[in-house]
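Beneath this line is the structure, given in structure tokens, with notes to follow.
Computed over heavy atoms, backbone and side chain alike; hydrogens, waters and symmetry mates excluded.
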Amino acid sequence: GTIILILVTCVVSSILTEHSSRKIAMSGEIIDKPIDTAEKTLISLANPEMVDRLMSLAIMLRKEKSTVPLTAVNVVLDEDETQMTRGTRVLEKAADIAATVNVQLLTKIRLTTNLSHGIIHEMKENNYHELIVGFHEKSSPNDSFLGTVLPELLTGLHSQIIMARLTMPINTIRCIHITFPAKTEFEAGFFHWVDQTERLAAGLDCRIKYHGHIDTMTLIQKHLKENKSRTRAEYYETDGGNDLKRISELVHEDHLLIVVSARRGSISFRPSLDHIFTQIQRNYTGRSILLIYPNGYSIDSDMTEMPPLMM
């Protein structure tokens, strides 16, 4: 009886602690001006065929007058000479692309025994604020586009992660759809991705359609107006849940779907977000997608493990 009582007390205490933490975080004032910090971006490059598109994306997301160089890394396992030669060519190609638009790019090859650990250590050792990485190349029909690396990155990093699958050159995109969970405005990285995606739409001169909770969209609309955005924006109210299945018919081949998700333990996380990977595979074949995990306030700072992602 005593053991059962202790177990029940621990479970209830954990639930109440997380609930209280959310209330405290959400009771704070939302900072309606983004903090002007250096945007150090790391681009993980592996597939030679995706270098053009990932580099173009990174360049379009950065601030136009930014003096902070981009960094591209190629991670090599166990000093494999063949991989090092291939990685060098990949980075040279990336440098050529950056040079054509006068963007400074630092390049490096990282030797490691584990791909995800190599990226995580590179991010932390050099204090990068953001990671851009391509979707995993599926090697079989049963393989997930996440692979084994990306779930580990979500667990090991708290900075913003952008996972990109670009099925066509980004400069041919004609419309951007953005879906996001309710309460995402309380995450630390909220204004960062709002500014980045608006910057992307402006650079492409295309319409941007927001799909989300009215509270979040009201704040986005106010922010864009204050910053005198000229982007053609449309707002479609939802309950702030997982809307991927509903809007799949609206996203055409020349559109870009941006899914803003949330890590477990963050304010805007909800269990339905675990299913977005399955829904993308099922409903968005051949579509260009950015999956964004913003920098956020952690509810449990001691949380070091995340349950397996549902795929």
Side-chain angles (χ1 to χ4, degrees), residues 18-19 21-35 37 39 61 129-132 150 153-155 157-164 176-201 208-227 229 231 233-247 251 256-277 279-280 289-301 303 306 309:
E18 179 169 340
H19 179 69
S21 299
R22 289 178 182 273
K23 290 186 67 177
I24 292 172
M26 291 170 58
S27 65
E29 181 182 357
I30 297 176
I31 302 174
D32 59 0
K33 295 291 183 183
I35 300 173
T37 57
E39 297 179 355
L61 289 177
H129 298 83
E130 176 178 67
L131 172 67
I132 297 177
L150 300 183
L153 294 179
L154 292 176
T155 304
L157 296 172
H158 295 291
S159 49
Q160 177 167 289
I161 299 176
I162 299 179
M163 306 174 188
I176 296 176
H177 297 265
I178 304 183
T179 177
F180 39 84
K183 299 182 177 65
T184 189
E185 66 269 27
F186 293 99
E187 307 288 1
F190 173 68
F191 286 108
H192 182 64
W193 69 256
V194 169
D195 286 338
Q196 279 189 317
T197 53
E198 188 278 334
R199 195 178 302 134
L200 179 60
I208 186 168
K209 299 182 179 182
Y210 296 95
H211 304 263
H213 194 278
I214 186 63
D215 291 346
T216 309
M217 292 197 299
T218 299
L219 190 58
I220 291 175
Q221 190 172 23
K222 176 186 176 185
H223 178 69
L224 296 183
K225 183 178 180 180
E226 290 179 347
N227 285 274
S229 170
T231 302
E234 299 176 5
Y235 302 87
Y236 298 88
E237 182 179 352
T238 72
D239 64 356
N242 185 338
D243 299 305
L244 289 183
K245 184 176 181 180
R246 180 185 63 81
I247 68 173
V251 182
L256 171 66
L257 172 66
I258 299 178
V259 182
V260 179
S261 189
R263 292 172 173 83
R264 280 184 173 270
S266 63
I267 298 170
S268 59
F269 177 80
R270 55 175 62 195
S272 62
L273 295 178
D274 280 339
H275 300 280
I276 62 177
F277 312 107
Q279 291 176 322
I280 288 175
I289 295 172
L290 297 186
L291 184 55
I292 299 179
Y293 283 85
N295 177 27
Y297 297 112
S298 176
I299 296 299
D300 185 358
S301 59
M303 183 177 63
M306 184 173 67
L309 299 173

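Distance alone, capped at 3.5 Å, places no donor-acceptor pair between the Thr231 side chain and the Ala233 backbone. Of the possible donor and acceptor atoms, one in the side chain of Arg263 sits under 3.5 Å from a partner among the backbone N and O of Pro294. Of the possible polar contacts, none joining the Glu187 side chain to the Ser266 backbone as a donor-acceptor pair under 3.5 Å is found.
A distance of 13.5 Å separates NE2 in His177 from OG1 in Thr197, rounded to the nearest 0.5 Å. In this structure, the separation between NZ on Lys209 and OG1 on Thr179 is 14.0 Å, given to the nearest 0.5 Å. Taking CE of Met217 as the start and CD of Glu234 as the end, the distance is 11.5 Å to the nearest 0.5 Å.
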side-chain contact (heavy atoms from CB on, under 4.5 Å) assessment of Phe277 paired with Leu291: CA-CA 10 Å; Phe277 312 107; Leu291 184 55; 3.7 Å; yes
Output, in order, the C-alpha distance, side-chain angles, deciding distance and verdict of side-chain contact (heavy atoms from CB on, under 4.5 Å) for Leu61 and Ile132. CA-CA 10 Å; Leu61 289 177; Ile132 297 177; 4.2 Å; yes
Can Ile178 and Trp193 be said to form a side-chain contact (heavy atoms from CB on, under 4.5 Å), step by step? CA-CA 11 Å; Ile178 304 183; Trp193 69 256; 4.0 Å; yes
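Annotation for Leu153 and Ile161: closest pair O-CD1, 3.7 Å, computed over non-hydrogen atoms. Looking at every heavy atom in both residues, Arg270 comes nearest to Ala182 through NH2-CB, 3.8 Å.
The shortest side-chain heavy-atom distance between Leu257 and Ile247 falls under the 4.5 Å cut-off. Counting heavy atoms from C-beta on, the side chains of Glu130 and Ile162 come closer than 4.5 Å. Under the 4.5 Å side-chain criterion, counting only non-hydrogen atoms from C-beta, Ile292 is not in contact with His192. Using a 4.5 Å heavy-atom threshold, the side chains of Tyr236 and Asp243 count as separate. Between Asp274 and Phe269 the shortest side-chain heavy-atom distance falls below 4.5 Å. Within the 4.5 Å cutoff, the side chain of Ile220 has heavy atoms near those of the Phe190 side chain. Here the side chains of Ile208 and Leu200 are not in contact, with every heavy-atom distance at 4.5 Å or above. Side chains of Thr218 and Gln221 form no contact here, defined as non-hydrogen atoms less than 4.5 Å apart.
Under 3.5 Å, the side chains of Gln196 and Glu39 contain no donor-acceptor pair of N or O atoms.
Below 30°, between 30° and 60°, or above 60°: for Phe191 and His223 the angle between ring planes is between 30° and 60°, a tilted geometry. The aromatic rings of Tyr235 and Tyr210 sit parallel to each other, their planes meeting at less than 30°, with 60° as the upper class boundary.
Each of Ser261, Ser268, Ser272 was checked for a side chain to side chain contact (heavy atoms under 4.5 Å, CB included) with Pro181, and the lone residue meeting it is Ser268.
Under the side-chain contact (heavy atoms from CB on, under 4.5 Å) criterion, Asp215 pairs with Glu185, His213, not counting sequence neighbours.
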